[in-house]
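Given the structure is predicted, the values throughout are model-derived calculations rather than measurements. Both ligands and their constituent atoms are indexed starting at 1 by order of listing.
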Amino acid sequence: MFRIGNGYDVHALAEGLPLRLGGVRVEHTAGCIAHSDGDVAIHALCDALLGAAALGDIGLHFPDTSAEFRGIDSKILLARTADLLAEAGYVIGNVDLTICLQRPKIQPYIPQMREVLAGVMGVALGQVSVKATTTEKLGFVGREEGIAAIASALIYMPE
Ligand code: MG
């Protein structure tokens, strides 16, 4: 029994904030404005996993109105999401993440992101794909006003 889910998230950028993407600190002059640590990539991934299991979304489980989640490391949200799926009897097949940003180039960080995300979800490296794209300077991403992330997840319930 295979199930798929998708996730999408956007955060605005502000100068001087730390930038965290895919569980990794990325060197940049700006970072995401958020209630949590602003890891837009992990947020999209959590939504893809929750969506695949029809377990709602990240806002339902980790509300940004709750003090508990202020400044929280998004890796904790991903770990809790993986636990929710496991409790419901699901196993993660694979995930695929696309991070849309104009700058900086994040290619050098991708191997580490894959390793970190795989570790948090308790899956093998080969089950985690991370990709990056610019939007050719178009739109809010191109103007460097924000970062977007899109994720897909395939999960299944073992026989
Ligand atoms: Mg978010």
The Mg ion (ligand 1) to nearest N/O/S of D39 below 2.8 Å: no
Which N, O or S atom of H11 lies nearest to the Mg ion (ligand 1), by name: NE2
Heavy-atom side-chain proximity of D64 to S36 below 4.5 angstrom: no
Under 2.8 Å: N/O/S of H43 next to the Mg ion (ligand 1): yes
Heavy-atom donor-acceptor pair, R114 side chain to V128 backbone, under 3.5 Å: yes
Atom name of the N, O or S atom in D9 that lies nearest to the Mg ion (ligand 1): OD2
Separation of R80 CZ from S74 OG (nearest 0.5 Å): 11.5 Å
Presence of salt bridge, D37 and R20, under 4.0 angstrom: yes
